[in-house]
Amino acid sequence: MPELPEVETTLRGIQPFIQHQVIAQLVFRRANLRWPIPTTDLQRLVGQSITAVKRRGKYLLLSTDLATIIIHLGMSGRLRILDKPAIADKHDHVDIIFDNGYLLRFTDPRRFGALLYSEADPYQHPLLKQLGVEPLSRQFCVDYLKRRLQDKRLAIKSALMDQCIVVGVGNIYATEALFIAGIHPLKSARTLALVDLKRLLKATKSILRRAIWHGGSSLKDFLNSEGKPGYFSQKLQVYARAGLPCVRCKSILASIRIGQRSTVYCPHCQH
DNA sequence: CAGAATACCTGCGGGC
DNA sequence: TGCCCGCAGGTATTCT
């Protein structure tokens with residue numbers, strides 16, 4: 001479900017409801033997600049007000065004066081706002097209840113997601129410290145990309161999805177960006193010419209911006225914080241279209257696996 | 001060391 | 001109808 005646009009959509013959806021609100025109660029219905037949930041630490045946040053809601057890569061950061069809650073949605077995680085307590089479903093693992101009656105509910109069938117706690121600078125947390133640049137920032141530029149890819153022999157698609165290089169790009173948007181840029185996903189990262197890097201940068205920024213504008217993609221089960229689907233999946237040009245004609249040249253789109261992830265591309269348009 | 005494979009988990013759709 | 005297989009938006013860990 002969540003790559004950068006879906007996480008950003010989630011952030012924008014929940015922020016107005018939780019910023020400046022005071023945590024009244026935390027409800028944990030299981031002890032583990034991807035890692036143990038630090039329930040004892042998190043309970044210390046009762047009485048604290050949410051001072052900021054931010055995103056770093058695919059992580060969401062809910063800050064208080066005392067500490068930051070670090071949230072990752074994994075593969076199937078979702079956050080939504082409820083205006084009153086409701087019966088918890090099988091996969092509704094955590095509720096953060098605010099003193100205005102609203103609550104933030106974390107749902108995650110596959111439990112690859114994570115809920116962490118940091119009293120120190122969250123950006124120095126082991127999971128966030130190594131993250132690469134934000135793709136929509138000015139730091140994601142040709143000079144940076146050239147430098148980070150210059151001795152990478154792996155497939156450009158794998159490099160584009162490497163969160164240590166650039167954050168937020170997952171399987172869907174890497175696939176789409178490479179199609180838009182006309183670059184073969186298996187091409188060795190270090191062999192891209194400057195002109196390729198420029199097209200890839202432009203394509204990546206563009207696809208992410210457009211996906212955010214449309215409220216994220218909704219392939220199977222992505223629902224935003226209001227429980228509504230994103231509409232960007234209708235705009236996807238190659239992802240999940242293997243065997244169908246290329247929108248540009250009508251060639252049949254090919255499907256391969258790169259780094260254990262399904263990858264669709266046009267053999268005619270991408271080199 | 002880089003890069004590839006594996007592991008974590010549930011749900012769904014397709015083939016039989 | 002039901003069982004088995006492969007696959008799904010991510011990434012830390014283990015391997016070669």
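Letters A, B, ... are given to chains in the order of the sequence lines, protein chains preceding strands, and every chain is numbered from 1.
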Write down the distance separating the P atoms in B/dA5 and C/dC7, rounded off to the nearest Å.
15 Å
Between B/dT6 and C/dG6 - P atom distance, rounded Å:
14 Å
What is the nucleic acid contact for A/R257, judged by heavy atoms within less than 4.0 Å: base, sugar-phosphate only, or nothing?
sugar-phosphate
Ignoring hydrogens and angles, does a donor from either the side chain of A/R111 or the base of B/dC9 sit under 3.5 Å from an acceptor on the other?
no
Would you say the base of B/dA2 and the side-chain of A/R153 have a donor-acceptor pair closer than 3.5 Å?
no
Under a 4.0 Å heavy-atom criterion, the protein footprint on nucleotides 11-16 of chain C, written with B, S and -, is BB----
Whether A/H72 and A/Y59 hold their rings parallel, tilted or perpendicular, with breakpoints at 30° and 60°
perpendicular
Stem finding on DNA chain C, please: runs of three or more consecutive Watson-Crick or G-U wobble pairs, both distances under 3.5 Å, sorted by first number.
B:2-8 with C:10-16, B:10-16 with C:2-8
Please identify which of these residues, A/L154, A/L160, A/I165, A/L200, meets the side-chain contact (heavy atoms from CB on, under 4.5 Å) condition with A/L149.
A/I165
Could you note down all residue pairs passing salt bridge (Lys or Arg N to Asp or Glu O under 4.0 Å) where [range] supplies at least one of them, sequence neighbours left out?
{"range": "residues 147-174 of chain A", "answer": "none"}
{"range": "residues 59-71 of chain A", "answer": "none"}
{"range": "residues 235-260 of chain A", "answer": "none"}
{"range": "residues 102-113 of chain A", "answer": "A/D92-A/R105, A/D95-A/R105"}

Looking at A/Y102, I'd like to know if its OH atom is crowded, meaning that more than 12 non-hydrogen atoms belonging to other residues, nucleotides or ligands lie closer than 6.0 Å.
no
Comparing nearest nucleotides in DNA chain B, the 5'-proximal residue of the pair A/K152, A/Q260 is A/K152
Exactly one candidate in A/R56, A/R55, A/K54 meets salt bridge (Lys or Arg N to Asp or Glu O under 4.0 Å) with A/E8; the answer is A/R55
